[in-house]
Amino acid sequence: MSDHALNHLNPSQQEAVNSDCPHILVLAGAGSGKTRVLVERIAWLVQKNLASPMEIMAVTFTNKAAKEMLGRLDNLLNIPAKGLWVGTFHGLAHRFLRQHYETADLPQGFQILDSDDQIRLIKRLEKEMNLDDERFPPKQAQWFINNQKENGRRAAHIQPNGEYFTEVMLSIYQQYETFCQRNGLVDFTELLLRCHETLRDNSDLLAHYRKRFRYLLVDEFQDTNTLQYAWLRLLAGEDNHLFAVGDDDQSIYSWRGAKIENIHRFSQDFPDTQTIRLEQNYRSTETILSAANALIANNDQRMGKQLWTKGNPGTAIENYAAFNEFDEAIFICERMIQYQNQGIPLNEMAILYRANALSRVLEEALNRANLPYRIYGGHKFFSRAEIKDALAYLRLINFPNDDPSFERIVNHPPRGVGHATIDKIRDFASINQLSLWNASKQLIAEKSLPGRANNTLSQFVQLIEDLKEQNMDQELGEQTKSILLVSGLMDHFQQDRSEKGQAKVENLHELITATQQFAPDPNSLVSPVDEFLAHVTLDTGDDEPSTEQCIQMMTLHSAKGLEFDVVFIVGLEDGLFPHNMCLETPAQLEEERRLCYVGITRAKKHLTLTHAEQRRMNGRDMFHRPSRFLKEIPQYLLQDIRVRNRRTASSAKPYAHRSNYLPSTSVIDNTGLQLGQTVNHPKFGSGTIINAEGSGESARVQVQFDQYGTKWLVLQYANLS
DNA sequence: TGCTTATGATTTTTT
DNA sequence: ATCATAAGCA
């Protein structure tokens, strides 16, 4: 970095960037320039010739953070940061395993299971083991397995403790481990654990990597779990340099294994650690910072930090007590329009909520107000059912022994291979230690299935064989396209005329585009298909930069790391935020408070907090008290907002009937009817059309009647008016 | 076999 | 209210 750039760093930042100390822990408050310090540190190492890019590894949690870091480095260093390893824990471990798959005892084409696949597999194993999945919920087994792995424990290492439940969990873990190993499947935690074990048990390999990566840098250190920390320590060894950046006040992921203790342990595990605090905030107004500081001061378990700013006090934090959630939403829309008139662009405004369920009412209000918005998070593109179906075809064609994929698509779209047949395949496969694919082929060859099942299954096998044949030398994009058409998957979703069905078709088209645009790495060790499949399970791909002028909506969790001129935090009610499920222990409440702290510190200029006195949740009207966090913010920072005409229950609920808001595109072929339309039936009275299928004489519609429930009616005979 | 209806549970999320 | 999964029926 140039000396010019150094001048723009404050003393603490500068100290962190060019410290000679081998181990550095940077406690970086919100908005204190944490990413910048990380990037400048790397630039400094390279430009002072302390390290070549080859000797540096930088680890992040999300692909987004990794990409941003790489981008900034490119800018700063002016040379492509060649040889530099920047990536997520999982991405780097994956890279390692692909390179050393033999040493790691994995097949070359090992596949990655995402947590969906993991659950599916556990369910299947429980069934095979004749376990009741009510007593032993697959979710819990999943948690058990991941937790054991995060603590480095293989099934064989665990001593049965005499408790029946634990022993069952352990036996599931055993089966799961065996199955994955036999079939070359690796779940997310396994990527790291396997990498850790391989390094630990191969001293020459470990020596090589320790020698290579003399400088290790970690972002969001407060989010590391036990395994990730162990992995870092292993790589660091005695001699390497470890630079960790984190903020204990922003630790909000303990519920998925993050160990805030890792920050506390750091200076014990690395005795000569220099701890540097970044407390000057460059983001928010003084008012917003004071609120954040006051709130977080209520937590006992802190390393202690006090953010300050040279900035102006800014405007007061607005506090609005809404009558109900509709009133809350309308209020927010009005305020946003006001801010927009003040010249603040829409993409500088964000609405943050504790739970995704809260977004619906807000969306409706934004639609009515003609305010464009974008929702972050939620269902990631590559994890949507229809996309995973398509990917399963791609996977099975290239790796016929991939059982999870086989199971997913053997009867999807429905082709007459039912439960009974699948059960037989499974049994046969598990008795003979075959993959479902090979089991199917053998069963067909032996003709040991009932005629009809034999037929339908052969057709499926033939379908896959055909696709395999014709795809041998096709481009990935072409492959995907023909898979979707030939398999009938596209057709299947096209049958569904509802809005959701149409969205799925669009998603499939988007997938085709994604495969067409995918640029395989020319240096890759695996095939483009394989690379693409790993890419989609490791990178959720939801970080397209949003340059569009849209209001940003997301959960408080996914807001971490972002900033906006204007922030609205909604649903500040006891029971919702802090959430009911997080009130059991003081530690949980403290995490909720940190979450609130994260939310507040996202705001640069204006912050508005809202709560509703009445809120309909899970079909019931709830009356929550204002959040206790509101009381923890000093009154003088808050300004209560009153609305001139207090909205009544009816005026605050202007769109209770959704039917008017369905798009007009859902016209049913040649019937003059459309989805969402209200119709009258001679016998069942009035109702709303909620679905339709077929055309001409076989056209049917599904109607939700006001009094008789939902019914499918053949249009020809229904006599609707 | 596969569609329809009934039942149950519902924080947060990356990889 | 809404969604997913499971049992039940055509």
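Owing to the predicted nature of the structure, the values given are computational and were not obtained by experimental measurement. Numbers restart at 1 for each chain; the letters A, B, ... are given by sequence-line order, proteins then strands.
- Among the protein residues, A/Arg415 comes within range of the sugar-phosphate backbone only, with heavy atoms under 4.0 Å from sugar or phosphate atoms but none that close to a base.
- In this structure, A/Asp423 places its CG atom 15 Å from C1' of B/dG2, rounding to the nearest Å.
- Taking the side chain of A/Thr555 as heavy atoms from C-beta on, and the options B/dT1, B/dT12, B/dT14, the nearest nucleotide is B/dT12.
- When the nearest nucleotides of DNA chain B are assigned to A/Gly418 and A/Thr537 by heavy-atom distance, the more 5′-ward of the two goes with A/Gly418.
- Taking atom CZ on A/Arg384 and atom C1' on C/dC3, their separation rounds to 16 Å, with Å as the unit.
- As rounded to whole Å, 4 Å separates atom C1' of B/dT15 from atom NE2 of A/His90.
- One finds the CD atom of A/Glu573 at 8.0 Å from the CE atom of A/Met617 (value rounded to the nearest 0.5 Å).
- For the pair A/Arg124 and A/Tyr176, the NZ or CZ position fails the cation-pi test of under 6.0 Å to the six-membered ring centre and within 45 degrees of the ring normal.
- Among the atoms of the strands shown, none is found under 4.0 Å from any heavy atom of A/Phe89.
- Taking a cutoff of 4.0 Å between a charged side-chain nitrogen and a carboxylate oxygen, A/Lys424 and A/Asp427 do not qualify as a salt bridge.
- Comparing A/Asp133 and A/Lys500 by the nucleotide of DNA chain C that holds the closest heavy atom to each, the one mapping nearer the 5' end is A/Lys500.
- Side chains of A/Glu220 and A/Gln222: a donor on one and an acceptor on the other come within 3.5 Å.
- Applying the 4.0 Å criterion to OP1 and OP2 of B/dT13, one finds that A/Lys560 has every side-chain N and O outside that range.
- A/Ala453 comes within 4.0 angstrom of nothing in the nucleic acid, heavy atoms only.
- Contacts of A/Asp114 with the nucleic acid, taken as non-hydrogen atoms under 4.0 Å apart, are absent.
- For A/Tyr253 and A/Trp255, the gap between ring centers is short of 6.0 Å.
- Look at CD1 on A/Ile119: it is 15 Å from P on C/dA4, rounded to the nearest Å.
- OP1 or OP2 of B/dT14 sits under 4.0 Å from a side-chain N or O of A/Lys380.
- For the OP1/OP2 pair of B/dT15 and a distance below 4.0 Å, the side-chain nitrogens and oxygens of A/Asn63 include at least one atom meeting the criterion.
- Comparing B/dG2, B/dT15, B/dT11 by their nearest atom to the side chain of A/Pro414 picks out B/dG2.
- One atom, CD of A/Gln459, and another, P of B/dT1, lie 14 Å apart when rounded to the nearest Å.
- Contact annotation for A/His419: backbone-only contact, meaning every heavy-atom pair under 4.0 Å involves sugar-phosphate atoms and none involves a base.
- For B/dT15, neither phosphate oxygen OP1 nor OP2 lies less than 4.0 angstrom from any side-chain nitrogen or oxygen of A/Asn146.
- Among the nucleotides B/dT12, C/dT2, C/dT5, the one closest to the side chain of A/Arg360 is C/dT2.
- Across all strands, A/Ser115 comes closer than 4.0 Å to base atoms (heavy-atom distances).
- When the nucleotides B/dT13, B/dT11, B/dT1 are ranked by their closest atom to the side chain of A/Arg256, B/dT13 comes out on top.
- Summarising the geometry, the separation between CG on A/Leu595 and C1' on B/dT13 is reported as 12 Å, rounded to the nearest angstrom.
- Considering only the side chain of A/Thr62, B/dT15 comes nearest among B/dT13, B/dT15, B/dT11.
- Figure legend: A/Arg593 and A/Tyr597 shown without cation-pi pairing, the cationic atom not lying both under 6.0 angstrom from the six-membered ring centre and within 45 degrees of its axis.
- Heavy atoms of A/Ser558 sit under 4.0 angstrom from primed sugar atoms or phosphate atoms, though from no base atom.
- Rounded to whole angstrom, the span from the CZ atom of A/Arg616 across to the P atom of B/dT10 amounts to 20 Å.
- The residue A/Asn580 sits apart from the nucleic acid: no heavy atom pair falls under 4.0 Å.
- Along DNA chain B, the nucleotide nearest A/Leu191 and the nucleotide nearest A/Ala355 are compared for position; the residue whose nucleotide lies closer to the 5' end is A/Ala355.
- Stacking of the aromatic ring of A/Trp255 onto the base of B/dT12 is found: the ring centres lie under 5.5 Å apart and the planes are inclined by under 30°.
- Of the candidate nucleotides C/dT5, C/dA1, B/dT14, C/dA1 has the atom lying nearest to any side-chain atom of A/Asn618.
- The shortest non-hydrogen separation linking A/Glu590 to A/Gln301 is OE1-N, 3.4 Å.
- Using a 4.0 Å heavy-atom criterion, one finds that A/Arg452 contacts the sugar-phosphate atoms exclusively.
- At whole-Å resolution of the value, CE in A/Met622 and C1' in B/dT10 are 12 Å apart.
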